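Structure first, then comments.
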Amino acid sequence: MNTPSHVILNLAILGRRSRSRLNSPIFWGALLPDLAMFGFYGWAKLIANMDETTIWRDAYYDPFWQDVFDVGNSIPLALLVIALALLVRSRRPQWQTTSIVMIFLASSVILHCLADLPLHVDDGHRHFWPLSNFRFESPVSYWDPDHHGDIVALGEFVLVLLASGRVWQLLRSRWARVLLIGSNILMGLFYTSFYLRG
């Protein structure tokens with residue numbers, strides 16, 4: 001799935017209007033698995049001066065970068081964060097707020113990973129690292145038309161639009177609502193251009 005979709009869906013699932021202070025860790029947890037990808041792309045484009053084909057067909061699959069991507073996409077590591085946060089919460093009541101923030105951050109990472117798991121053909125991550133090097137290769141892609149990416153992309157867009165109604169109710173600031181609208185517009189433009197290109 002696309003990063004903005006993860007953010008909107010995770011906020012819709014985990015967010016509560018009564019706990020708006022947790023929207024920030026949910027937001028960052030939804031972003032965290034993709035942050036290394038943004039760093040990689042910035043390095044490849046701006047420092048290494050690679051063209052798009054070299055970036056996504058060669059450099060992306062470099063073992064070093066795959067290891068970096070897998071750390072942020074590791075469900076066991078996110079579960080470890082939750083376990084440690086629960087342990088700290090039970091033994092250090094003064095750290096309760098921090099523990100809750102870490103639980104929601106890690107839960108958002110896990111939701112991101114679970115949404116990505118069935119939508120990557122040959123470009124997925126080792127979601128169970130370091131316990132396993134298993135990499136699920138799905139018959140369905142979120143972007144590749146040769147693997148139903150056109151249908152999945154449309155489904156993702158519709159799901160995000162529906163979830164945006166719930167997220168709108170959770171957001172209290174105008175700035176956050178403007179970002180939500182802008183994100184939906186950009187995704188709409190992306191999907192429209194995706195379909196126009198065939």
Side-chain angles (χ1 to χ4, degrees), residues 1-39 69-120 124-125 127-129 136 138 140 142 152-191:
M1 289 177 61
N2 292 291
T3 306
S5 300
H6 285 295
V7 171
I8 292 168
L9 292 175
N10 284 14
L11 282 168
I13 293 168
L14 295 174
R16 299 288 178 271
R17 190 166 175 83
S18 60
R19 297 184 308 208
S20 60
R21 64 187 172 82
L22 295 175
N23 288 345
S24 182
I26 295 168
F27 172 88
W28 286 106
L31 281 181
L32 187 63
D34 288 345
L35 287 180
M37 188 79 62
F38 295 131
F69 302 149
D70 292 341
V71 170
N73 283 276
S74 170
I75 294 172
L77 290 181
L79 288 171
L80 179 62
V81 169
I82 291 173
L84 291 173
L86 289 170
L87 180 67
V88 167
R89 184 177 177 200
S90 68
R91 296 190 177 184
R92 305 273 185 190
Q94 68 271 26
W95 289 8
Q96 182 171 351
T97 301
T98 302
S99 298
I100 291 171
V101 165
M102 295 310 295
I103 289 167
F104 274 82
L105 177 94
S107 297
S108 190
V109 167
I110 292 169
L111 273 181
H112 178 125
C113 294
L114 292 176
D116 269 356
L117 187 64
L119 299 176
H120 285 266
H125 305 292
H127 288 293
F128 305 102
W129 183 91
F136 180 65
S138 174
V140 178
Y142 77 100
V152 174
L154 179 61
E156 178 183 336
F157 182 55
V158 170
L159 189 60
V160 165
L161 284 177
L162 293 172
S164 291
R166 167 141 170 72
V167 173
W168 180 270
Q169 296 172 348
L170 297 175
L171 301 176
R172 295 177 185 246
S173 76
R174 281 189 190 164
W175 176 243
R177 287 181 169 182
V178 166
L179 284 175
L180 178 65
I181 292 168
S183 179
N184 278 279
I185 290 170
L186 286 175
M187 284 191 290
L189 292 172
F190 170 77
Y191 293 126

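Source: prediction; values computed, not measured. The figures that follow rest on heavy atoms only: side chains count, while hydrogens, waters and symmetry mates do not.
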To the nearest 0.5 Å, what is the distance between [atom1] on [X] and [atom2] on [Y]?
{"X": "T3", "Y": "H112", "atom1": "OG1", "atom2": "NE2", "value": "6.0 Å"}
{"X": "I110", "Y": "L105", "atom1": "CD1", "atom2": "CG", "value": "10.0 Å"}
{"X": "L170", "Y": "L11", "atom1": "CG", "atom2": "CG", "value": "7.0 Å"}
{"X": "L189", "Y": "N184", "atom1": "CG", "atom2": "CG", "value": "11.0 Å"}
{"X": "R166", "Y": "L171", "atom1": "CZ", "atom2": "CG", "value": "10.5 Å"}
{"X": "R19", "Y": "L14", "atom1": "CZ", "atom2": "CG", "value": "8.5 Å"}

Specify the closest pair of heavy atoms between [X] and [Y], including all atoms of both residues, with the distance to one decimal.
{"X": "I75", "Y": "C113", "result": "CG1-CB, 3.7 Å"}
{"X": "S108", "Y": "A30", "result": "OG-N, 3.0 Å"}
{"X": "F136", "Y": "P118", "result": "CE2-CA, 4.1 Å"}
{"X": "M187", "Y": "I8", "result": "CE-CD1, 3.7 Å"}
{"X": "A163", "Y": "A12", "result": "CB-CB, 3.8 Å"}

Subject >> 4.5 Å side-chain heavy-atom contact, P33 and V109 >> reply: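 Side-chain contact under 4.5 Å: yes.
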
Original post:
Heavy atoms, side chains only, cut-off 4.5 Å: are L77 and W129 in contact?
Top reply: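 L77 vs W129: side chains touch.
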
**OP:** Among V81, I82, V88, L84, find the residue that satisfies the side chain to side chain contact (heavy atoms under 4.5 Å, CB included) test when tested with M102.
**Re:**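 So the option named by the test is V81.
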
Keeping the roles fixed (side chain from [X], backbone from [Y]), state whether a donor-acceptor pair exists under 3.5 Å.
{"X": "R172", "Y": "R17", "answer": "yes"}
{"X": "S107", "Y": "I103", "answer": "yes"}
{"X": "S183", "Y": "L179", "answer": "no"}
{"X": "E156", "Y": "S5", "answer": "no"}

Subject >> Between H6 and D116, a side-chain donor and acceptor under 3.5 Å >> reply: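 Their side chains do contain a donor-acceptor pair, which is all the 3.5 Å distance test asks for.
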
**OP:** Quick one: list whatever passes side-chain contact (heavy atoms from CB on, under 4.5 Å) with R21, sequence neighbours left out.
**Re:**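 side-chain contact (heavy atoms from CB on, under 4.5 Å) list for R21, sorted by chain: T97.
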
Considering only distance and modelled atom types, tabulate donor-acceptor pairs under 3.5 Å from the side chains of residues 22-29, sequence neighbours left out.
none

Subject >> Any residue meeting ring-ring contact (aromatic ring centres under 6.0 Å, His included) with H120, in chain and number order, not counting sequence neighbours >> reply: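 H125, Y142.
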
